[in-house]
Number of protein chains: 4
Amino acid sequence: MLARVPTSFKRLPRAVREQQMLDAAVKVFSRRGYHAASMDEIADDAGISKPMVYAYLGAKEELFTACLHREGTRLMEAIAAAVEPDLPADEQLWRGLRAFFRFVGAHRDGWAVLYRQARGEPPLAGAVVTMRGRMIDVVTGLLERALAARGREVRASELEIMAYALVGASESVADWLADHPEADADRAATRMMNVAWLGAGQLLDGELWRPADAG
Amino acid sequence: MLARVPTSFKRLPRAVREQQMLDAAVKVFSRRGYHAASMDEIADDAGISKPMVYAYLGAKEELFTACLHREGTRLMEAIAAAVEPDLPADEQLWRGLRAFFRFVGAHRDGWAVLYRQARGEPPLAGAVVTMRGRMIDVVTGLLERALAARGREVRASELEIMAYALVGASESVADWLADHPEADADRAATRMMNVAWLGAGQLLDGELWRPADAG
Amino acid sequence: MLARVPTSFKRLPRAVREQQMLDAAVKVFSRRGYHAASMDEIADDAGISKPMVYAYLGAKEELFTACLHREGTRLMEAIAAAVEPDLPADEQLWRGLRAFFRFVGAHRDGWAVLYRQARGEPPLAGAVVTMRGRMIDVVTGLLERALAARGREVRASELEIMAYALVGASESVADWLADHPEADADRAATRMMNVAWLGAGQLLDGELWRPADAG
Amino acid sequence: MLARVPTSFKRLPRAVREQQMLDAAVKVFSRRGYHAASMDEIADDAGISKPMVYAYLGAKEELFTACLHREGTRLMEAIAAAVEPDLPADEQLWRGLRAFFRFVGAHRDGWAVLYRQARGEPPLAGAVVTMRGRMIDVVTGLLERALAARGREVRASELEIMAYALVGASESVADWLADHPEADADRAATRMMNVAWLGAGQLLDGELWRPADAG
DNA sequence: AATGAATGAGTTTTCATTCAT
DNA sequence: AATGAATGAAAACTCATTCAT
């Protein structure tokens, strides 16, 4: 948590103000949902007047999009930092999943919640398409590299479905994680990795995938 | 022989009206989203006045819940009808997935859309928990039977996460299907089955699962 | 309380049905207030369908008026039965007041509550004027007889104001009684009699009026 | 010298708007009654939009309460200004009553009407209790001082009933005054004073109380 | 640069009342 | 005689958004 900047600091540079607003918006959107969140509450929470919010970040929809964008980027950066392109595919997938669940587990008010809300709201469809596209791209890239390393090639649409399945499964397990606050992010990542890598067939036969490292 | 259908469409019995209303509500909720859907439009679309909607199905939230319940039950019935408990696990999973995607593909305004919306809306959380529980139960049951057939046993929470992953993956691929109207439901089901059954590991190595039948 | 007539008794004579409805209406109006009382609840409580209420007792306003009329008449009859025109004025006033407070105390859901509600509602003004007129007439008659017995005469408008004051004071003390369920009706009547008969001047000097009898 | 009154009546400071709204609300509530009064009409009458009413004075119930409070306070102040604690009790009572009737007569849309409405409305019960308490306190205080001057003492509950009677009688005569627009407030006050001070017993015997002064 | 004042437009919900059977 | 079905009309309340200062 960032220390709250005292309200007495007036005339802050624009960039700082914008971050304050986004912090407040993420908080309120997460807590109340897109519709139930009121611009009033967001402005109040940011310690700023409503017209300023409009002046800096635009209307409600844009504001939400900006939140989603910022949180999504942070998530993507966390994943990117964890994955090293030269490792084998399973290690890459594992590190990516682990980073994903760690991030989601650590920011329970952030991207996962916003994304979940956005998915059901037609007016936010655009933002969702954009963000999901970025996630799909990450996964697709990983798969493509893995295939290339094996000297194989697969139609793009096949890869895309697979990426959808992986992303959807991860989101769902992230939901499970969000609903079980006592659960451990790394354990969830391990389970997810098992399903994703081995598939139900091998799992049912008792096969198991285990992380190589401890951390 | 049949009872005479009245020439004017007025004064229908309650049960009929309720179905008309639910039809309209599912349509409008799907098209507009929960919040943007107005009770006015739903009533109009059902060809009935608003007070009747309130009298028969209650306030907006209850109405949505009723929609979700009806559509979810239909989906579940479609899946249940397709799965035969005595078949091997992969065949069961396949038939279940195929039934799921066929249903979702055939009712693009139905369960999948409502469910997606409900997930982001705090006020609808209760309904989501109930419905998701039913889906998870179906998948968990399937996995349990498969394990039993192999003489193995696994902790309930492990199974649950696996079920979450499968359900989430399916939902996500269903989204993909919803976004690609030209796509074929059975092909999507096959892709999904591959990911779910074989896992990324074997898929990347070129293994492939194929349906046994043609239907 | 009348024993509830079982709903299975259908086709009751009109007069009986009307009393059932009035019973229900008095109850619901008293409990909820004129506006918050819904015709639905009244019909339900009477164990009858709404159209019947309309057919027998008319619209909501008429229904309320009918309630007020019935309860008011009962009150007036109770007072009339208690007052004997040949007694001295103070004895008459005392008996009238005592009957009034006893009645109000015994029917805490009846006349007093309805009347209080009606007073503030412009649409019910007519009914209030009528009922209050009847009360004022009773008091005015009492005062006139008392004056006649003393061989005096006073302008009608003077008497009228006096009657207003007495009626208003009684209503107010009745309110006090309604708000103090543990209070005793006869004690309240005695206090009221003291104020009304002796006036503040004598009361402050310690004079006291006491009922002659014990009953 | 005076601050320039803006040519357009827009953008007034909050305090001013609040008074305008209260003025309009008192008017509309008095004319139509609590329920029949619509927030729309009140806003229109105040020359402002509905949301401002909600923003400044809250929901309908709070708005009504605020009206009652303002008008009640004005009435109480008028009475307090008229009564001088060092005068004899009858003089105090007389001045109080006169101030009361003058005020009520001069503000036929104010306190008396609102109070009458509030009494019958269950949702406004709280406000009524508060306001009536203040009136009762004023009268009780007067009576206590009078008793103390005579060296006597009386139980609080006795005084309370007496106060109820006096307040109720005054309200009723105020009603009479409201229904007789040609009537004179001071004459009504004199009549009321006679009943209250002398009581029916002495009045019937021809005794009469008269104000000492002419004003 | 910053905000208090202001509103248009829309929504859910309720209720008295009446047909058609 | 009795009722389930049906509705017109209105009311309270909220919110995103913008002026004017």
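Chain letters run A, B, ... following the sequence lines, proteins first, then strands; residues in each count from 1.
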ask   = Are C:Arg14 and F:dA1 close enough that a side-chain N or O sits under 4.0 Å from OP1 or OP2?
value = no

request  = From the options F:dT3, E:dT3, F:dA5, select the nucleotide whose nearest atom is closest to the side chain of C:Ser49.
outcome  = F:dT3

query = Between the side chains of A:Gln19 and A:Arg70, does any donor sit under 3.5 Å from an acceptor?
reply = yes

request  = Go through E:dA2, E:dA5, F:dC15 for me and flag the one nearest to the D:Pro51 side chain.
outcome  = F:dC15

ask   = Taking atom types as modelled, is there a side-chain donor on B:His35 or B:Glu121 under 3.5 Å from an acceptor on the other?
value = yes

ask   = So which one's nearest nucleotide on DNA chain E is more toward 5', C:Asp40 or B:His35?
value = B:His35

ask   = Is the shortest distance from a Lys or Arg side-chain nitrogen in C:Asp109 or C:Arg31 to a carboxylate oxygen in the other one below 4.0 Å?
value = no

ask   = So which nucleotide from E:dA16, E:dT13, E:dT7 ends up closest to the side chain of B:Met39?
value = E:dT13

query = Taking atom C1' of E:dA5 as reference, at what distance in whole Å does atom CD1 of D:Ile48 sit?
reply = 8 Å

task = Calculate the interatomic distance between C:Ile42 atom CD1 and E:dA16 atom P; express it in whole Å.
result = 8 Å

inquiry  = Without decimals, in angstroms, what is the distance between B:Arg32 CZ and E:dT11 P?
reply    = 10 Å

ask   = To the nearest Å, how far apart are D:Asp44 CG and E:dG8 C1'?
value = 13 Å

ask   = Using a cut-off of less than 4.0 Å, is there contact between a side-chain N or O of B:Tyr54 and OP1 or OP2 of F:dT7?
value = no

ask   = Does B:Met39 reach the side chain of B:Leu63, with side-chain heavy atoms less than 4.5 Å apart?
value = yes

request  = Give a yes/no answer on whether the side chain of C:Arg17 brings an N or O atom under 4.0 Å of OP1 or OP2 in F:dA2.
outcome  = yes

Identified pairing partner of F:dA1, criterion: Watson-Crick or G-U wobble below 3.5 Å = none

request  = Classify the nucleic acid contact of A:Ala37 as base, sugar-phosphate or nothing, counting any heavy atom under 4.0 Å across all strands shown.
outcome  = sugar-phosphate

key: Whole-Å gap separating P (E:dA16) and CD (C:Glu62)   = 14 Å

request  = Have a look at D:Ala59 and say if it touches a base, only the backbone sugar-phosphate, or nothing, with a 4.0 Å heavy-atom cut-off.
outcome  = sugar-phosphate

note = On DNA chain F, more 5' by nearest nucleotide between B:Ala15 and D:Tyr34 is B:Ala15

inquiry  = Under 4.0 Å from OP1 or OP2 of E:dA1: is there any side-chain N or O of A:Tyr56 that close?
reply    = no

request  = Looking only at side-chain atoms of D:Arg11, point me to the closest of F:dA12, E:dA5, E:dT18.
outcome  = E:dA5

task = Pick base, sugar-phosphate or nothing for B:Ala36, based on heavy-atom distances below 4.0 Å to the nucleic acid.
result = nothing

ask   = Taking CD from B:Glu61 and C1' from E:dT12, how many angstroms apart are they, rounded to a whole number?
value = 12 Å

request  = State whether the distance check finds a donor on one side and an acceptor on the other, under 3.5 Å, for side chain B:Lys60 versus base E:dT13.
outcome  = no

query = Has the side chain of A:Lys50 got a donor or acceptor that lies under 3.5 Å from a partner of the other kind on the base of E:dT3?
reply = no

message = Rounding to an integer number of Å, can you tell me how far C:Met52 CE sits from E:dC19 P?
response = 17 Å

request  = Provide the Watson-Crick or G-U wobble partner of F:dA6, both distances under 3.5 Å; none if there is no partner.
outcome  = E:dT17

message = Looking at D:Glu62 and D:Ala59, would you say the former's side chain and the latter's main chain have a donor-acceptor pair under 3.5 Å?
response = yes

query = Name the one of C:Ile42, C:Val26, C:Leu57 that satisfies side-chain contact (heavy atoms from CB on, under 4.5 Å) with C:Cys67?
reply = C:Val26

ask   = Roughly how many Å is it from CG in C:Leu57 to C1' in E:dT17, rounded to a whole number?
value = 15 Å

